[in-house]
Amino acid sequence: MNVLGIETSCDDTAAAVITDGTIIKSNIVASQSDMHKKYGGIIPEIASREHFTSLIPVVNEALEQASLTYKNIDAIAVTNGPGLAGSLLIGVNSAKGLSMSWDKPLIGINHLEGHIYSAWLEDLEPDHQAGFPLVCLIASGGHTDLVVMKDHLDYKLIGKTRDDAAGEAFDKAARVLGLGFPGGPEIQKMSEEALETVAALPRPAIKDSLDFSFSGLKTALVRKAEAEGFYPVIDNNGPSRQQTTEYSFAFQEAIVDCLVRNTVKAVSENNAKGVILGGGVAANSRLRQKMNDAMDVPVFVPRPGLCTDNGAMIGAAAFFNLQNGLPFELDMDAIPNLRMGIT
Ligand code: KG4
Ligand code: ZN
């Protein structure tokens, strides 16, 4: 079965053709980060306008790279939430138009479910290699969720952030450290040069809970930066390269340790047979390394390009949802605050 997966929930315009939920025939991502860089964050109006102009060319490129025409597509899948309302609407309405004009089934996919199903791409297939239950950590710019997956399509939310998402915390810290947007990859790069000479930052924990909290960590970084005199920047007194690298390292270690600590606890409380990492923050090499070191069950983590937003993950998640039938969800809504795994 060939599924065309479409993703426009945030600032990446993406489309992919996925065969049988696991094989990537094509995977095209048009990133808007250059457009948003100069504002230090995502501007929703710019994001939806860019999706509007890029989506159909991206879909055409995905078909072309897969050497297929629309006639070979068996179903269209589109992210219908959570995400930015204007961005989601472009994807949902375009997918409806394609479904009608091509006469192909249409299904809405939860973006977070997509991040989980990235782990079924490229022969990772955690159900075959480890088995259920699996603990999934989805850490992105908008979410930091711990989910128990008891079977395909069966989720329970067991932990979430009470304030900032992990990716959002990276993005905010990068601004304090004079780095660009998105902040996560910049902080990772700077950390690699660090000599580990500054004191550690706190690892906030919430008693008797698998929830996360990152806003205090960001405040701790701001206080240090103020004490060292490089923030707020007045008269070009920004951080030196060494201050940037040292505090990048300290911040990354603190976030990674919080994510690993709660995931280890979730695995043990749920007798999980494996761990899935997904979302943009799962691209972080230090997180990948420390999570692997801490676990005595297998950790499934897609390559970095499949952790950040893409259409392949939507096509993969759709395949498993389509085992229950081929719907034509032409009355589908974009749902900006769509949740997953809450009973
Ligand atoms: O999943 P994603 O592409 O979009 C959302 O659904 O939000 O995640 C984007 C987030 C951004 O906050 C970005 O800073 C973070 O993922 N990110 C990283 C890395 N690459 C992307 N954070 C830490 N290390 C990275 N290498
Ligand atoms: Zn995402």
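Numbering starts at 1 and runs along the sequence shown. Note that ligands are numbered from 1 as they come in the structure, with each ligand's atoms numbered from 1 the same way. Nothing here was measured: the structure is a model prediction, and the numbers come from that model.
- Atom 17 (N) of ligand 1 has its nearest heavy-atom neighbour, among A169, G280, A166, S31, in G280.
- Counting heavy atoms from C-beta on, the side chains of S140 and E168 never come closer than 4.5 Å.
- At a cut-off of 2.8 Å, H111 coordinates the Zn ion (ligand 2) through an N, O or S atom.
- Between H152 and W120, the distance separating the two ring centers is shorter than 6.0 angstrom.
- For ligand 1, the atoms closer than 4.0 angstrom to any heavy atom of Q188 are 24 (N), 25 (C), 26 (N).
- Between the Zn ion (ligand 2) and H115 there is an N/O/S contact shorter than 2.8 Å.
- Using a 4.0 angstrom heavy-atom cutoff, C10 does not count as in contact with ligand 1.
- Which parts of ligand 1 touch G183 is read off a 4.0 Å heavy-atom cut-off, strictly below it: atoms 14 (O).
- Close contacts of ligand 1 with G142, meaning ligand atoms under 4.0 Å from a residue heavy atom, involve 7 (O).
- With ligand atoms numbered from 1 in the order given, ligand 1 contributes 12 (O) to contacts under 4.0 Å with heavy atoms of G167.
- Given atom 10 (C) of ligand 1, the protein heavy atom at minimum distance is G141 N, 3.5 Å.
- Residue-ligand proximity: H111 is placed with a non-hydrogen atom under 4.0 Å from ligand 1.
- A side-chain contact (heavy atoms from CB on, under 4.5 Å) with I6 is found for exactly one of I109, V92, L98, namely L98.
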